[in-house]
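Taking it in order: structure first as structure tokens, then the write-up.
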Number of protein chains: 2
Amino acid sequence: MKATIYDVAKQAGVSIATVSKVINQTGRISEETRAKVNRIMQELNYQPSVVASALTGKQTYTLGLLLPDLANPFFAEIARSVEDRAHELGFSVMICSTDNNLLREERNISLLKQKSVDGIIIATGVRNDTILKDLKKQNFPVALIARDMPSLAIDTVLVDDFIGGHMAASHLIEQGHRQIAVIAEDTLVMSSKERIRGYRFALEEAGIAYNPELVRISDFKVTDAKQVAGEMLDSPEPPTAIFACNDLLATGVIQAVRERGLSVPGDLSVVGFDNTLLATIIDPPLTTVAQPIQEMGQRVVDLIIRIINDKNSTKQRVVMLPELVIRSSVSRPGEYRNK
Amino acid sequence: MKATIYDVAKQAGVSIATVSKVINQTGRISEETRAKVNRIMQELNYQPSVVASALTGKQTYTLGLLLPDLANPFFAEIARSVEDRAHELGFSVMICSTDNNLLREERNISLLKQKSVDGIIIATGVRNDTILKDLKKQNFPVALIARDMPSLAIDTVLVDDFIGGHMAASHLIEQGHRQIAVIAEDTLVMSSKERIRGYRFALEEAGIAYNPELVRISDFKVTDAKQVAGEMLDSPEPPTAIFACNDLLATGVIQAVRERGLSVPGDLSVVGFDNTLLATIIDPPLTTVAQPIQEMGQRVVDLIIRIINDKNSTKQRVVMLPELVIRSSVSRPGEYRNK
DNA sequence: CTGAAAGCGCTAACAC
DNA sequence: GTGTTAGCGCTTTCAG
């Protein structure tokens with residue numbers, strides 16, 4: 001059986017209170033007994049039970065992380081960075097993929113609460129904010145990453161999507177494009193909305209008329225983006241550039257182009273969003289708006305731990321700046337049109 | 001404050017024992033009181049504390065999952081499938097990336113044990129088996145996925161790597177290749193060894209001399225694979241095909257080819273391993289040896305839960321068959337050599 | 001059928 | 001400095 005605090009106490013000839021004190025470095029104990037207890041703990045290979053200590057009202061040192069899909073490289077990278085920071089600080093993280101399904105979100109949150117996680121980080125993109133409201137009402141520690149809910153005072157870290165969208169579109173405009181399409185995953189989600197707003201603003205600045213025909217919604221699957229891009233390519237007046245609201249969708253549009261025997265960026269320029277592994281792996285390497293995933297992950301866990309330690313700490317919204325990473329998927333329109 | 005079993009008991013006018021019984025559906029309680037208690041639980045929005053119940057010796061319903069790197073698509077996909085099955089069965093999963101670092105593995109395992117996870121699934125590729133031995137000695141539930149440790153009797157689910165390597169090489173041989181190289185991530189790891197052994201065997205069968213010059217080791221990063229592949233391409237007698245021991249490495253070799261103004265499969269045929277998202281996304285779509293990731297994830301959690309429920313259940317090794325997925329990265333050597 | 005009570009491993013007053 | 005003791009929320013005999 002695993003050693004308990006009683007075993008240590010007995011072996012060391014002290015009381016369990018004393019052992020507890022040396023474990024938690026509280027109270028005052030003589031150097032001598034401290035050393036002895038420590039030695040015994042070593043010998044017995046004693047590990048305090050987080051479960052028992054949690055029951056007495058202490059933390060469980062575990063965080064919940066809700067995201068749409070771990071198999072999506074963007075979220076996998078987010079998860080990795082959250083995990084890294086959490087581990088640094090002694091926390092574990094329970095990850096739950098929800099597929100953006102409301103029911104699963106609810107179930108997972110309730111599960112996480114039963115397990116007494118100290119806080120929950122949410123990256124999932126619900127349209128619905130009742131879940132968040134509930135959590136807030138119960139004063140349960142929550143923080144958002146890569147998604148926004150400006151109507152609620154919740155700690156959040158995200159990238160400025162408006163600027164990101166603006167960057168993508170401006171870059172394309174600077175390269176001479178005027179027929180610029182957008183493919184977004186879901187216009188109901190804040191970040192998509194903002195990216196599109198940034199895009200529109202860039203168009204306006206450049207005096208280009210906004211054409212609603214050019215902004216399309218796709219499912220989150222690459223095949224769907226491919227399909228949507230394909231339709232646009234086959235239209236009588238195809239765009240010369242497409243801004244895909246994330247790298248995964250961008251790969252779909254690149255595939256659509258290739259399938260038609262055309263080339264990127266020769267026949268169509270493409271810019272993505274996120275700067276995941278994918279951007280470096282596809283051909284051509286993708287020009288994309290980078291989110292500082294590492295930093296974002298780090299910041300959310302710092303945020304949530306702050307809340308855990310002080311439930312009344314003032315809420316923060318940290319918005320980071322995206323950055324345009326230029327690779328090879330954009331050129332001037334018509335530049336190599338005839339190869 | 002959160003409602004406890006006492007609150008429910010008081011409200012329902014029964015003892016906590018009775019409430020406990022209706023929660024766990026143990027003992028015998030009248031339909032009447034059962035209904036009443038259930039109603040009160042609803043009203044109070046009562047959720048039993050997993051922590052408290054774990055302290056009494058019951059399970060925590062959480063699993064640990066150790067893997068090298070969540071940001072690697074293969075492992076992200078594994079994690080996703082493990083997570084799915086675990087949730088189905090009411091378990092949560094704590095994920096830990098170890099970067100294949102022994103120290104981190106140890107730390108994480110010890111952390112997971114302090115948190116009383118019910119079992120640990122290991123996908124990480126330690127060369128060292130002492131950790132596993134320790135776990136086994138303590139009779140702690142462990143299961144391996146996508147890695148092997150045949151010297152220890154541990155529940156495992158993996159793909160037959162020998163056959164996989166054989167498939168990859170045979171396919172290439174059938175296409176007429178004779179100068180076939182391999183890039184592996186780490187020859188000390190079982191699965192790499194086996195894949196290479198399968199490759200050698202296929203060569204032998206075909207009467208092709210084995211040339212150790214053609215099997216190279218690379219770091220796990222794509223840039224490294226690119227570098228290694230580049231060296232081979234620049235050699236006086238470059239291979240006409242490369243078998244990359246995973247899809248990520250394969251993307252590296254494709255990049256190396258492209259960087260030299262050559263093409264896949266025109267100048268070099270490539271076959272990968274794993275069949276992750278990457279395989280469908282790169283250009284050309286990658287011919288690769290598929291691992292049944294979904295099933296594998298499902299099976300390990302079934303395995304580990306079996307062990308949890310019966311620590312003495314006989315160990316199982318479930319080895320699944322890989323499958324060659326033919327896409328467009330392989331052609332006959334020289335076929336389009338001059339475009 | 002239902003309840004009283006012991007105990008899971010640990011923390012935190014409060015004594016000594 | 002160190003020990004006693006009362007919980008934390010729940011499960012589980014064992015009586016009744």
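We use all heavy atoms of the structure for the numbers below, so side chains are in, but hydrogens, waters and symmetry mates are not. A quick note: this is a predicted structure, and the numbers were derived from the prediction, not measured. A, B, ... follow the sequence lines: proteins, then strands. Residue 1 opens every chain.
- Proximity note for Ala17(B) (side chain, C-beta onward) versus dG3(C), dT11(D), dT11(C): the nearest is dG3(C).
- Contacts of Thr56(A) classified as side chain to side chain donor-acceptor pair (under 3.5 Å), with partners at least two apart in sequence or in another chain: none.
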Walk me through whether Ser191(B) and Arg147(B) qualify under side-chain contact (heavy atoms from CB on, under 4.5 Å). CA-CA 6 Å; Ser191(B) 61; Arg147(B) 69 160 295 202; over 6 Å; no

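- dC8(C) atom P lies 11 Å from atom CD1 of Ile16(A), rounded to whole Å.
- Between dT11(D), dT2(C), dC8(D), one nucleotide has an atom nearer to the side chain of Leu55(A) than all others, and that is dC8(D).
- At a cut-off of 3.5 Å, with distance as the only test, no side-chain donor of Gln294(B) or Arg80(B) sits close to an acceptor on the other residue.
- The separation between Lys58(B) atom NZ and dC8(C) atom C1' is 13 Å, rounded to whole Å.
- Remark: the Tyr6(A) side chain and the dC8(C) base include no donor-acceptor N/O pair separated by less than 3.5 Å.
- Note: CE (Met41(A)) to P (dG9(C)) measures 17 Å, nearest angstrom.
- Residues from residues 42-52 of chain A lying near DNA chain C, meaning a heavy-atom separation below 4.0 Å, are Tyr46(A), Pro48(A), Ser49(A), Ala52(A) in numerical order.
- For the residue pair Ser97(A) / Glu83(B), a side-chain donor-acceptor distance below 3.5 Å is found, with atom types taken as modelled.
- Rounding to whole angstrom units, OH of residue Tyr61(B) and P of dT11(D) are separated by 10 Å.
- A side-chain donor from one of Ser92(B) and Lys115(A) sits under 3.5 Å from a side-chain acceptor of the other.
- Within 6.0 Å of CD in Glu88(A) there are more than 12 heavy atoms belonging to other residues, nucleotides or ligands.
- OP1 or OP2 of dG3(C) sits under 4.0 Å from a side-chain N or O of Thr18(B).
- Going from atom CD of Gln59(A) over to atom C1' of dC8(D) covers 16 Å, rounded to whole Å.
- Remark: Lys315(A) pairs with Asp155(A) by the salt bridge (Lys or Arg N to Asp or Glu O under 4.0 Å) rule, at least two apart or across chains.
- The closest side-chain donor-acceptor pair between Lys113(B) and Gln138(B) falls under 3.5 angstrom.
- Nucleic acid contact for Ser20(B): base, since at least one base atom lies under 4.0 Å from a heavy atom of the residue.
- If you check dA12(C), dC8(C), dC10(C) against the side chain of Thr56(B), the one that comes closest is dC8(C).
- In this structure, the CD1 atom of Ile5(A) is 13 Å from the C1' atom of dG3(D), given to the nearest Å.
- In this structure, a donor-acceptor pair under 3.5 Å is present between the side chains of Thr98(A) and Thr124(A).
- Heavy-atom neighbours of Arg107(A) CZ from other residues, nucleotides or ligands within 6.0 Å: at or below the threshold of 12.
- Within the 4.0 angstrom heavy-atom criterion, no nucleotide atom of any strand lies near Val19(B).
- Among residues two or more places apart in sequence or in another chain, the ring pair (Phe, Tyr, Trp, His ring centres under 6.0 Å) test is passed with Tyr61(A) by Phe91(A).
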Between Asp7(A) and Thr4(A), is the side-chain contact (heavy atoms from CB on, under 4.5 Å) condition met? List the steps. CA-CA 5 Å; Asp7(A) 301 323; Thr4(A) 74; 3.6 Å; yes

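- Scanning residues 108-117 of chain B for heavy-atom distances under 4.0 Å to DNA chain D yields an empty list.
- Residues from residues 21-32 of chain A placing a heavy atom under 4.0 Å of any atom in DNA chain C, listed by number, are Asn24(A).
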